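Data first, discussion second: the structure below is written as structure tokens.
All of these numbers come straight from a predicted model, not from anything done at the bench. Lettering of chains follows the sequences in order, A, B, ..., and the numbering in each one begins at 1.
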Amino acid sequence: MVLLESEQFLMELTRLFQKCRLSGSVFITLKKCKQPKGSAEGFEPSDNKCLLRATDRKKISTVVSSKEVNKFQMAYSNLLRANMDGLKKRDNKSKSKKSKAAQ
Amino acid sequence: AVRAVQWNEALVRRGATIVERLGLCRSRWLRELCLPFLFCRGPTMPQYQTWEEFSRAAEKLYLADPMKARVVLKYRHSDGSLCIKVTDDLVCLVYRTDQAQDVKKIEKFHSQLMRLMVAKESRSVAMETD
């Protein structure tokens, strides 16, 4: 499990999505977590971080804290929307609009 | 025990939440004996048909115990399917879709949960209410 910085995580996540376009699944897990053991912050009893993991057999992860969340979230949202574009578009609305216009 | 499982399955079919099931369980022996059955998901993992129901139930599940709950997204481009699951390892709520219009909803929900997780206790960000 590779723990990355937020920006690098986003880049790797993009790559994961691109790799899986023809076959395979991308799993993304989001979970609230406490301070990871590696960091040396003793005075900050931070309970406000979340762990984001992504995998397609190769695992990557990142920890997001309240300081980074704003910037990260915008980039992350755009990434998801841009990459999850393989789903069916809604045809019903356009058809009913056309029929209404015809009438 | 058989009666408990049947009762639980009937409630699951009716769409009762875990909290409702626990509340309806008046008899003490039923509660103690059936606690594991109450938490089992009925005949199948409850898959929600509408986004509104799923998001409400998922939000409740997360707020019940933020540290335990996790959100899993599974995207398959080859199948054109997206699945979101919220679970606390006892209860598992699933919503599947193949519609592009749901991507935005799911992604917004995901971001809202991320904000909730990261928010400090004193000022918790309120989720959008329907």
> Given Lys74(B) and Val26(A), is the side-chain contact (heavy atoms from CB on, under 4.5 Å) satisfied, shown in steps?
Replying inline: CA-CA 6 Å; Lys74(B) 172 173 160 185; Val26(A) 180; over 6 Å; no
> Is there a donor-acceptor pair under 3.5 Å between the side chain of Lys88(A) and the backbone N or O of Ser81(B)?
Replying inline: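 Not confirmed, Lys88(A) side chain does not pair with Ser81(B) backbone.
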> If only atom types and distance count, is the side chain of Tyr75(B) paired as donor or acceptor with the main-chain N or O of Ile28(A) below 3.5 Å?
Replying inline: no
>> Can you give me the closest heavy-atom contact between Ser77(A) and Ser111(B), atom names plus distance?
In response: OG-OG, 3.4 Å
> Can you list the steps and then say if Leu87(A) with Thr97(B) is a side-chain contact (heavy atoms from CB on, under 4.5 Å)?
Replying inline: CA-CA 8 Å; Leu87(A) 273 61; Thr97(B) 183; 4.2 Å; yes
> To the nearest 0.5 Å, what is the distance between OG1 (Thr87(B)) and NZ (Lys31(A))?
Replying inline: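 Output value for this atom pair is 9.5 Å.
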>> Nearest 0.5 Å, please: how far is CG in Leu116(B) from NZ in Lys32(A)?
In response: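 It comes to 8.5 Å.
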Flag yes if [X] and [Y] sit in one hydrophobic cluster, no otherwise; membership is Ile, Leu, Val, Met, Phe, Trp, Tyr, and two members link when side-chain heavy atoms are under 4.5 Å apart.
X: Met74(A); Y: Val69(A); answer: no
X: Val72(B); Y: Leu16(A); answer: no
X: Phe27(A); Y: Met114(B); answer: no
X: Leu90(B); Y: Tyr62(B); answer: yes
X: Ile60(A); Y: Met11(A); answer: no

Side chain, backbone, both or neither of [X] within contact of chain B (heavy atoms, under 4.5 Å):
X: Leu30(A); result: both
X: Asp56(A); result: neither
X: Leu52(A); result: side chain
X: Ser65(A); result: backbone
X: Cys20(A); result: backbone

>> Would you say the rings of Phe17(A) and His77(B) are close, in the sense that their centroids are separated by under 6.0 Å?
In response: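 Here the rings of Phe17(A) and His77(B) have centres that are no less than 6.0 Å from each other.
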>> Applying side chain to side chain donor-acceptor pair (under 3.5 Å) to Arg76(B) and Ser25(A), what does each step give before you reach the verdict?
In response: CA-CA 5 Å; Arg76(B) 283 185 63 85; Ser25(A) 323; 2.8 Å; yes
>> Let's test your reading of the structure: which of Ile84(B), Leu82(B), Asp98(B) forms the most heavy-atom pairs below 4.5 Å with chain A?
In response: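 So the answer, after comparing Ile84(B), Leu82(B), Asp98(B), is Asp98(B).
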> Are Glu107(B) and Leu80(A) close enough that some pair of their side-chain heavy atoms sits under 4.5 Å apart?
Replying inline: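 They are in contact (side-chain heavy atoms under 4.5 Å apart), so the answer is yes.
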> Can you list the steps and then say if Asn70(A) with Arg115(B) is a side-chain contact (heavy atoms from CB on, under 4.5 Å)?
Replying inline: CA-CA 9 Å; Asn70(A) 286 316; Arg115(B) 283 193 169 272; 2.8 Å; yes
